[in-house]
Amino acid sequence: MKDNRQKRFEYLKANKAYLSEREKQEYYELLQELKGFQAFEEEYVADMEEERTASESSSFESRSRARRSAGAKPALVSARQGRKKKETQNVADYETEEVPKKPKKKKSWLKRIFFVLLALLLVMVGFFIYGYQRGISREGGAIKAEQFHGAENADGSVNILLLGADQRPGQSSGVAHSDSIMVLNIGRSGKMQLVSFMRDTLVNIPGVGDASQGPNMKLNAAFTIGEQNENQGAELVRQTLQQNFGINAKYYAVVDFSSFATVIDSLFPGGVQIDAKFSTINGQKFDEVPVPDDLAETEGMAPNDRKLSAEEAAALGYPDGGGIFMMIKQGPQRMDGRTLLNYARFRHDDQGDFGRVQRQQQVLETLTSKVKNPLTLFTGASALGTARAVTMTNLPNTFLLTKVLPAMFGGVETTTIPDDNDWQAAYDMYGGSGLLIDMNKYSAKAKDILGQ
């Protein structure tokens with residue numbers, strides 16, 4: 001596959017002067033993937049400067065021809081008339097060429113800026129379409145959105161419900177749980193506000209159980225119950241958050257295992273630099289932690305995967321038996337999409353689900369900081385297109401390009417509900433362990449950050 005991409009790159013490079021806009025986008029993506037970011041940056045900037053110089057040269061020649069044509073004299077005029085016309089022409093030339101009027105110069109610069117911005121927007125749209133088609137090809141068709149009845153906040157800001165489903169390849173959505181539950185706010189401040197809700201938090205799910213007995217269901221069960229009821233998982237999570245915390249969401253996005261890895265690899269072909277942090281496991285610190293690799297079954301074993309027996313896994317601190325594990329070291333390293341997924345999902349250290357939430361927030365903050373580089377406007381637009389294609393969502397494409405992508409440059413502030421250890425151990429209506437929290441306290445906190 002890599003040889004084919006190399007051949008394609010060499011063909012596009014040999015015919016660079018004759019490429020269409022879409023082929024140019026493909027060329028720059030292959031350039032970054034095969035040659036590295038620095039080579040991409042240098043060549044892209046050089047190409048843009050060459051096009052600007054050629055445009056200015058063409059404009060100068062056009063003005064010169066126009067002045068020569070305007071300076072031509074009729075063949076039959078008197079000497080006096082000729083002198084007057086010459087003097088008049090000299091004055092006009094002096095006024096228009098040597099002392100240009102400032103408003104015209106300003107207008108010229110504004111016009112140039114407008115066309116540059118327009119060109120950038122068109123290129124971004126092109127990259128978005130390219131990424132979208134790539135995602136459609138991978139998934140074998142467009143993913144159909146579910147019904148969702150959300151609304152924007154009274155202050156005009158928008159909340160997006162983000163769900164990470166623990167759905168393995170081949171599983172139906174009816175047996176999947178919402179592995180991560182987040183709400184992203186855009187518009188209330190200069191930065192995006194992200195609130196993560198711990199999945200074992202006990203809540204009342206609309207239409208399930210007896211609400212008079214108090215919170216008696218885990219929050220992540222809402223997605224499964226909704227999916228089993230005519231594929232309304234995201235909608236039931238929205239209703240549950242609204243009933244218990246008083247917040248709403250206008251849009252939603254559900255990402256499963258393989259979709260997450262695909263999006264990360266599209267945005268960062270060379271991987272993501274991140275500082276891996278794990279807590280102790282059964283009180284013991286490990287330099288290398290065994291993390292379950294759920295994609296091994298369908299995509300094969302990764303280079304850092306190991307097949308461990310139950311005894312070997314227990315010796316390394318993993319309590320739930322053997323299987324295929326990805327061995328992830330503590331500390332700074334570069335992760336591809338699959339490794340980053342496994343890292344963000346791990347919850348078997350001594351911090352449990354709270355540690356997983358922290359890792360998920362760390363991953364999101366790292367990804368947001370990476371796209372602040374202006375040159376990632378293009379690869380970012382392409383990755384957003386891929387994300388749109390492989391993610392079940394009702395987000396409009398225009399909102400992604402005009403609101404979500406620009407908001408990434410402002411950074412993100414994260415909050416977890418509840419705070420670490422600010423809960424009581426309790427049980428849901430089926431006898432499963434959960435977290436009982438001060439709902440009045442955290443409802444007020446959620447509304448303060450996310451609006452209502």
Side-chain angles (χ1 to χ4, degrees), residues 135-136 138-151 159-184 195-211 215-245 247-263 292 294-295 297-298 341-342 344-345 347 353 356-357 360 387-396 417 428-435:
I136 288 290
R138 177 182 174 87
E139 293 294 322
I143 298 177
K144 185 178 180 181
E146 297 182 352
Q147 290 187 354
F148 197 75
H149 304 291
N159 286 331
I160 304 172
L161 175 62
L162 304 177
L163 301 174
D166 65 350
Q167 182 179 359
R168 281 81 174 167
Q171 277 188 323
S172 69
S173 60
V175 297
H177 292 79
S178 46
D179 200 44
S180 60
I181 304 168
M182 304 179 180
V183 177
L184 179 67
V195 177
S196 299
F197 295 85
M198 292 180 65
R199 69 175 198 165
D200 290 340
T201 301
L202 294 178
V203 296
N204 289 313
I205 298 177
V208 180
D210 185 0
N216 57 8
M217 291 287 291
K218 294 180 183 180
L219 178 58
N220 73 327
F223 181 74
T224 305
I225 295 172
E227 286 296 297
Q228 293 171 348
N229 182 23
E230 299 181 356
N231 296 323
Q232 299 181 77
E235 170 64 11
L236 188 55
V237 175
R238 182 196 70 78
Q239 293 178 18
T240 301
L241 290 174
Q242 186 177 43
Q243 177 173 308
N244 290 268
F245 295 95
I247 60 173
N248 204 355
K250 184 174 183 179
Y251 302 118
Y252 80 95
V254 180
V255 181
D256 61 22
F257 286 1
S258 61
S259 296
F260 178 87
T262 298
V263 172
D294 292 292
L295 292 180
E297 183 177 348
T298 55
L341 166 71
N342 291 330
R345 293 197 63 251
R347 66 183 182 97
D353 196 44
R356 170 161 62 181
V357 169
Q360 291 173 350
R388 179 64 180 82
V390 302
T391 301
M392 183 172 67
T393 181
N394 65 340
L395 274 165
I417 291 180
D428 64 14
M429 62 185 295
Y430 301 113
S433 60
L435 310 176

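Considering all non-hydrogen atoms of both residues, A222 and L236 come closest at O-CD2, 3.3 Å. In this structure, I205 and K218 approach most closely via the heavy-atom pair CD1-O, 3.8 Å. L184 and L162 get closest at one heavy-atom pair: CB-CD1, 4.1 Å. Closest approach of A261 and L295 over heavy atoms only: CB-CD1, 4.4 Å. Heavy atoms only, all atoms of each residue included: A234 and L161 are closest at O-CD2, 3.7 Å. Taking every heavy atom of both residues into account, A249 and F148 meet most closely at O-CE2, 3.4 Å.
N244 places a side-chain N or O within donor-acceptor distance of the main-chain N or O of N204, the cut-off being under 3.5 Å. In terms of modelled atom types and a separation under 3.5 Å, the side chain of S180 and the main chain of L163 share no donor-acceptor contact. Side-chain N or O atoms of N248 include none that pairs as donor or acceptor with a backbone N or O of G150 at under 3.5 Å.
Partner of S196 under the side chain to side chain contact (heavy atoms under 4.5 Å, CB included) criterion, chosen from V357, I181, V183: V357.
The side-chain contact (heavy atoms from CB on, under 4.5 Å) test applied to M429 returns N216, M217, not counting sequence neighbours. With sequence neighbours excluded, the residues that form a side-chain hydrogen bond (donor to acceptor under 3.5 Å, both in side chains) with E235 are R238, Q239. Residues meeting the side-chain hydrogen bond (donor to acceptor under 3.5 Å, both in side chains) test with D353, sequence neighbours left out: R356.
How far CZ of F197 is from CD1 of I417: 4.5 Å, rounded to the nearest 0.5 Å. Note that the CG atom of N220 and the CE atom of M198 stand 11.0 Å from one another [nearest 0.5 Å]. For the atom pair CG of L435 and CG of D428, the computed distance is 11.0 Å after rounding to the nearest 0.5 Å.
At least one side-chain heavy atom of T240 sits less than 4.5 Å from a side-chain heavy atom of P206. Residues D294 and R345 form a side-chain contact, since some pair of their non-hydrogen atoms from C-beta on lies under 4.5 Å apart. E146 is listed as a side-chain neighbour of E227, based on a closest heavy-atom distance under 4.5 Å. Side chains of Y252 and V237 form no contact here, defined as non-hydrogen atoms less than 4.5 Å apart.
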Going through the checks in order, is the side-chain contact (heavy atoms from CB on, under 4.5 Å) test met by L241 and L219? CA-CA 9 Å; L241 290 174; L219 178 58; 4.2 Å; yes
